[in-house]
Novice: 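The structure's right below; bear with me while I get my questions together.
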Amino acid sequence: MALVLVLAFGAFCGFYLLLSVVPLYASASGVVSAGLSTGALMLATVAIEPAVPRLAARLGYRAVLALGVVLLGAPAFALTLSPAMPLVLAVALARGAGLGIVVVVAVALVAELAAPERRGEALGLYGIAVGVPPIAALPLGVWLSAEIGYGPLFVAGALLPLVTLPAVLGLPSRRPPVPSRSDSGPAGLLRPTLIFGATTFAAGVFVTFLPLAVPPEARPVAAVALLVQSAVTPLARWVAGRFGDRFGSGRLLIPSVLLAAIGTAATVVLDRPVAVIAGMAVFGVGFGMAQNVTLAVMFDRVPEAAFGRVSVLWNIAYDAGLGAGAVGFGLVVGGTGYPVAFAATAALLFAALLPAWRDQRKGQLR
């Protein structure tokens, strides 16, 4: 478990350091290009994730994770050559494939290694491991882009995942069973997946466009807001896991979506730094809770043989939501302006309360 957490920590340090920087780098070609850079990253991630369980069954956890780490890190070196969109998109696609491999295998390993009665807490610890990097790396990347330039930053973003490669050698060498259709589990996974996808849609909007939504002189406000959101999210994820192990994870699904919606609505007032920072804090609490609750509920509903498939489904919701938020918001904001587009994002989250309520009403969340 410790090695899984070390590997995830390094991989996500490199990922988050560049997550908001690459859109800034690409924005020289227009605001739509900024959204496309994140969208391409998430598209590749979502495209490869369904194939990861079979890839792990054929090659084993070690080889697949090593491949994922290399793909996530090494292509970032190429960004130092040019900001041309074809190159930026090619790098984003390669890094997205690496991200998809790492997250699917890591989440499945955590679920396998944890005792069932402590799975929520184990997922919370994993949440801290992948949540600490954005606390520093996400806002730090925005700040360093102006202080040291893009080139050194891209080199750092490439190296951070690569230095974790030795940790792969200590991971289980076994190959998981080849997934089959009979392992797909019960049908109670759709609503948690869609609900979680709505929260990640909003997250994709913020990490891509919040630095662009504020005036240039107010960019430190965006950096602080992203820092606050990144700090509270893993803590909320861990607390939600401990609560879920004791009282049932499903009890927190509606509160998590409600908090995410309220926080998103507060960011409509972009000319008030306090509102933006407070809104991102509230959103971070809801987003962290939703990460743990939805994943714990989904694991509870399937046999262990289907853990890989749950990891794929949940990570697709995460990554597709991030990508859809980046691309969809980028296509809309040019005609509506940032306040209206942020309000529409909040409305999407409020609408997600309906399927959460219906799922709980049917007694599926426990």
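Hydrogens, waters and symmetry mates are skipped; everything else that's a heavy atom, side chains included, is used. Positions are given from 1 along the sequence.
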Novice: State, with a plain yes or no, whether a side-chain heavy atom of L162 is found less than 4.5 Å away from one of F77.
Specialist: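 In contact.
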Novice: Could you pull out the closest heavy-atom pair between G279 and A266, with the gap in Å?
Specialist: CA-CB, 3.6 Å
Novice: Looking only at atom types and distance, does a side-chain atom of S145 sit under 3.5 Å from a main-chain N or O of Y150, one as donor and one as acceptor?
Specialist: no
Novice: Can you find a pair of side-chain heavy atoms, one from L19 and one from L41, that are under 4.5 Å apart?
Specialist: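 Contact flag for L19/L41 side chains = yes.
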Novice: Any donor-acceptor pair under 3.5 Å linking the side chain of T264 with the backbone of A260?
Specialist: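 Judged by distance alone, yes, a pair lies under 3.5 Å.
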Novice: Would a hydrophobic clustering, with Ile, Leu, Val, Met, Phe, Trp and Tyr connected at side-chain separations under 4.5 Å, put V104 with L43?
Specialist: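 Result: no, two separate clusters.
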Novice: State, to 0.1 Å, how close P161 and A158 come at their nearest heavy-atom pair, and which atoms those are.
Specialist: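 So the two residues come closest at CD-O, 3.3 Å.
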Novice: How long is the straight-line distance from CZ of F206 back to CD of Q229, given to the nearest 0.5 Å?
Specialist: 8.0 Å
Novice: Just by distance, do the side chain of R62 and the backbone of L171 share a donor-acceptor pair under 3.5 Å?
Specialist: yes
Novice: Considering non-hydrogen atoms only, spot the tightest contact between A92 and S37 and give its length.
Specialist: CB-O, 3.6 Å
Novice: Quick one: do L212 and L24 satisfy side-chain contact (heavy atoms from CB on, under 4.5 Å)? Show the steps, please.
Specialist: CA-CA 8 Å; L212 300 174; L24 288 172; 3.4 Å; yes
Novice: To the nearest 0.5 Å, how far apart are CG in D300 and CG in L189?
Specialist: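 These two atoms lie 10.5 Å from each other.
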Novice: Given side-chain contact (heavy atoms from CB on, under 4.5 Å), test L5 with F9 step by step and report yes or no.
Specialist: CA-CA 6 Å; L5 299 182; F9 179 81; over 6 Å; no
Novice: Closest approach of L18 and A76, non-hydrogen atoms and distance?
Specialist: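 Here L18 and A76 meet closest at CD1-CB, 3.9 Å.
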Novice: For the residue pair Y338 and F209, does the interplanar ring angle fall in the parallel (under 30°), tilted (30 to 60°) or perpendicular (over 60°) class?
Specialist: tilted
Novice: Find the distance between CZ (F342) and CG (L270) and round it off to the nearest 0.5 Å.
Specialist: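 CG of L270 is found 5.5 Å from CZ of F342.
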Novice: Is any side-chain heavy atom of T208 closer than 4.5 Å to a side-chain heavy atom of F329?
Specialist: no
Novice: Do the non-hydrogen side-chain atoms of V232 and F287 ever get within less than 4.5 Å of each other?
Specialist: no
Novice: Say whether F350 and W357 are linked into one hydrophobic cluster, either directly or through other cluster members, by side-chain heavy-atom distances under 4.5 angstrom.
Specialist: yes
Novice: How many angstroms lie between atom CG of L331 and atom CG of L36, to the nearest 0.5 angstrom?
Specialist: 7.5 Å
Novice: So which heavy atom on E121 is nearest to which on R118, and how close?
Specialist: OE1-NH2, 3.0 Å
Novice: Does the side chain of E49 pick up a donor-acceptor pair with the side chain of Y318 at under 3.5 Å?
Specialist: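 There is no such pair (donor and acceptor under 3.5 Å, judged by atom type) between the side chains of E49 and Y318.
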Novice: Can V228 be reached from V269 by stepping across I, L, V, M, F, W or Y side chains whose heavy atoms are under 4.5 Å apart?
Specialist: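 Hydrophobic grouping puts V269 apart from V228.
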Novice: Is it the case that the side chain of R95 and the backbone of L72 share a donor-acceptor pair, with hydrogens and angles ignored and the cut-off at 3.5 Å?
Specialist: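 Yes; judged by distance alone, with no hydrogens or angles, the pair exists.
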Novice: Apply side-chain contact (heavy atoms from CB on, under 4.5 Å) to residues L3 and L169 and explain how you reach the verdict.
Specialist: CA-CA 9 Å; L3 292 175; L169 298 176; over 6 Å; no
Novice: Hey, are the side chains of M42 and T200 touching, using non-hydrogen atoms and a 4.5 Å cut-off?
Specialist: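 Answer no - side chains too far apart.
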Novice: Does some side-chain heavy atom of V276 sit less than 4.5 Å from a side-chain heavy atom of L210?
Specialist: yes
Novice: According to a hydrophobic-cluster definition based on side-chain heavy atoms being under 4.5 Å apart (Ile, Leu, Val, Met, Phe, Trp, Tyr only), do V102 and L113 belong together?
Specialist: yes
Novice: Could you check whether any side-chain heavy atom of V52 comes within less than 4.5 Å of a side-chain heavy atom of N315, counting everything from C-beta outward?
Specialist: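 The answer is no; the side chains never approach within 4.5 Å.
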Novice: Would M289 and F243 count as a side-chain contact (heavy atoms from CB on, under 4.5 Å) if you check the C-alpha gap in whole Å, the side-chain angles of each, and the deciding distance to 0.1 Å?
Specialist: CA-CA 10 Å; M289 291 168 59; F243 180 96; over 6 Å; no
Novice: What are the two closest non-hydrogen atoms of V64 and A56, and how far apart are they?
Specialist: CG2-CA, 3.7 Å
Novice: Within the side chain of R242, is there an N or O that forms a donor-acceptor pair under 3.5 Å with the backbone of W238?
Specialist: no
Novice: Membership question, hydrophobic clusters at under 4.5 Å side-chain separation (ILVMFWY): are Y61 and M1 in the same one?
Specialist: yes
Novice: Determine whether T294 and L253 make a side-chain contact, defined as any pair of heavy atoms from C-beta on separated by less than 4.5 Å.
Specialist: yes
Novice: How many angstroms lie between CD in Q291 and OG1 in T233, if you round to the nearest 0.5 Å?
Specialist: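 Reported to 0.5 Å precision, the distance equals 6.5 Å.
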Novice: Would you say the side-chain atoms of T345 pair up with the backbone N or O of A341, donor to acceptor, closer than 3.5 Å?
Specialist: yes
Novice: Can you measure from OG1 (T45) to CD1 (I316) and round to the nearest 0.5 angstrom?
Specialist: 10.5 Å
